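Here the structure comes first, spelled out in structure tokens, and everything after it is commentary.
Just so we're clear, the structure is a prediction, and the values are computed from it rather than from any experiment.
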Amino acid sequence: MRGDKIYMMKFHKLALLTFSLFAFTHSFQIFSQTTKIKTATLDNGTPVYTEVFEFDFVDEKPQFPGGCASLVQFINATRQYPEEAYQEGVEGRVTCSFIVLQDGKLSNIKVIRGVEPSLNQEAVRIISLMPEWYPGKIHDHAVPVRVVYSIPFRK
């Protein structure tokens with residue numbers, strides 16, 4: 001009888017520990033799926049932040065109209081390699097982040113890893129000319145999603 005009681009106490013402790021570990025990791029995932037991004041500054045200098053979802057944590061990812069192949073075609077058709085950078089042989093990938101809003105419009109285009117100022121500017125220009133995307137969704141509701149994408153420049 002005493003052995004059964006000790007066994008049950010150990011079982012309950014193990015079950016409680018397992019549940020606590022699950023609850024901790026699950027709550028961490030909930031908190032890690034959004035981030036606040038500074039989207040504007042008021043006239044008095046107060047920053048305005050928008051909560052956006054990270055790309056990997058939405059049910060439906062934002063998508064360029066026509067998919068990846070159309071995105072590559074758009075970039076290739078729109079890209080204008082800066083002349084001086086081309087002549088100097090400057091190459092690389094400009095990594096940018098931007099937000100796809102609930103209506104598919106793009107905002108907050110930023111260079112997060114640049115190559116050279118003229119290439120960085122061209123990457124931002126290309127993204128700013130993109131048509132509206134299909135927005136990301138969670139439970140069939142459109143949500144703002146941060147996207148990170150690299151624009152290649154090679155001779």
Side-chain angles (χ1 to χ4, degrees), residues 13-82 84-86 88 90-155:
K13 284 183 181 179
L14 181 62
L16 182 61
L17 179 63
T18 303
F19 176 78
S20 298
L21 184 59
F22 171 78
F24 174 75
T25 56
H26 184 66
S27 67
F28 179 76
Q29 184 178 17
I30 290 170
F31 291 121
S32 67
Q33 65 184 319
T34 62
T35 189
K36 289 187 179 182
I37 294 179
K38 182 180 173 186
T39 53
T41 304
L42 300 177
D43 292 338
N44 65 4
T46 305
V48 176
Y49 293 92
T50 301
E51 190 168 18
V52 298
F53 286 82
E54 295 294 341
F55 188 81
D56 290 334
F57 290 97
V58 293
D59 299 334
E60 290 180 43
K61 313 262 188 264
Q63 187 178 28
F64 186 85
C68 289
S70 293
L71 176 58
V72 171
Q73 287 175 347
F74 176 85
I75 291 169
N76 289 337
T78 309
R79 181 178 39 228
Q80 297 172 356
Y81 212 117
E84 192 173 324
Y86 186 83
E88 292 177 8
V90 179
E91 296 183 333
R93 300 175 74 82
V94 178
T95 303
C96 296
S97 72
F98 54 92
I99 300 171
V100 178
L101 299 172
Q102 294 96 317
D103 61 3
K105 291 182 178 148
L106 306 185
S107 74
N108 289 75
I109 303 165
K110 298 195 183 330
V111 174
I112 57 176
R113 184 169 184 204
V115 174
E116 186 268 339
S118 67
L119 296 185
N120 299 349
Q121 256 186 326
E122 178 60 11
V124 170
R125 187 188 74 82
I126 291 168
I127 293 170
S128 68
L129 292 174
M130 288 182 180
E132 291 181 3
W133 286 39
Y134 298 116
K137 293 183 179 182
I138 294 181
H139 304 298
D140 290 328
H141 290 94
V143 294
V145 179
R146 182 169 69 145
V147 175
V148 176
Y149 194 82
S150 294
I151 307 288
F153 292 89
R154 52 187 172 268
K155 286 179 81 171

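Rounded to the nearest 0.5 Å, atoms OH (Tyr49) and OG1 (Thr35) are 10.5 Å apart. To the nearest 0.5 angstrom, Glu60 atom CD is 11.5 Å from His139 atom NE2. With values rounded to the nearest 0.5 angstrom, His141 atom NE2 is found 11.5 Å from Asp59 atom CG. Atom CZ of residue Arg146 and atom CD of residue Glu51 lie 12.5 Å apart, to the nearest 0.5 angstrom. With rounding to the nearest 0.5 angstrom, the CD atom of Glu122 is 5.0 Å from the CZ atom of Phe153. Note that the CD atom of Gln80 and the OG atom of Ser118 stand 12.0 Å from one another [nearest 0.5 Å].
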Working for side-chain contact (heavy atoms from CB on, under 4.5 Å), residues Glu88 and Glu116:
CA-CA 11 Å; Glu88 292 177 8; Glu116 186 268 339; 5.9 Å; no

With side-chain contact (heavy atoms from CB on, under 4.5 Å) as the test, would you mind laying out the steps for Ile37 and Thr50 before giving the verdict?
CA-CA 5 Å; Ile37 294 179; Thr50 301; 5.6 Å; no

side-chain contact (heavy atoms from CB on, under 4.5 Å) between Thr34 and Val143, intermediate numbers included:
CA-CA 11 Å; Thr34 62; Val143 294; over 6 Å; no

side-chain contact (heavy atoms from CB on, under 4.5 Å) between Val100 and Leu106, worked out
CA-CA 5 Å; Val100 178; Leu106 306 185; 3.6 Å; yes

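Ring orientation note: the planes of Tyr86 and Tyr81 are nearly perpendicular, at an angle over 60° on the 30°/60° scale.
Closest approach of Pro152 and Arg154 over heavy atoms only: CB-NH1, 3.2 Å. Smallest separation of non-hydrogen atoms from Pro131 and Phe64: CD-CE1, 3.6 Å. For the residue pair Lys105 and Asp103, the shortest heavy atom distance occurs at N-OD1, 3.0 Å. Taking each heavy atom of Tyr149 and Phe98 in turn, the nearest pair found is CB-CE2, 4.1 Å. When all heavy atoms are compared, the tightest approach of Phe55 to Pro62 is CE1-CD, 3.6 Å. Between Val115 and Glu91 the shortest heavy-atom distance is CG1-O, 3.4 Å.
A 4.5 Å side-chain heavy-atom check between Thr41 and Val48 finds every atom pair outside the cut-off. Residues Leu119 and Pro82 meet the side-chain proximity criterion, which asks for heavy atoms closer than 4.5 Å. Between Ile99 and Thr39, the closest side-chain pair of non-hydrogen atoms falls below 4.5 Å.
For CZ of Phe74, the number of neighbouring non-hydrogen atoms (other residues, nucleotides, ligands) closer than 6.0 Å is greater than 12. The environment of Lys155 atom NZ is dense: over 12 non-hydrogen atoms of other residues, nucleotides or ligands sit within 6.0 angstrom. Heavy-atom contacts from other residues, nucleotides or ligands closer than 6.0 Å to CG of Asn44 number more than 12. Shown here is Glu132, whose CD atom has more than 12 heavy atoms of other residues, nucleotides or ligands within 6.0 Å. Enclosure of atom CZ in Arg113 is not indicated, since only 12 or fewer non-hydrogen atoms of other residues, nucleotides or ligands lie within 6.0 angstrom.
Each of Ile109, Ile75, Asn76, Val94 was scored for a side-chain contact (heavy atoms from CB on, under 4.5 Å) with Ile126, with one residue passing: Ile75. With Thr78 as the fixed residue, the side-chain contact (heavy atoms from CB on, under 4.5 Å) test singles out one of Ile151, Leu129, Ile127: Leu129.
Between the side chain of Glu54 and the backbone N or O of Phe57 there is no donor-acceptor pair closer than 3.5 Å.
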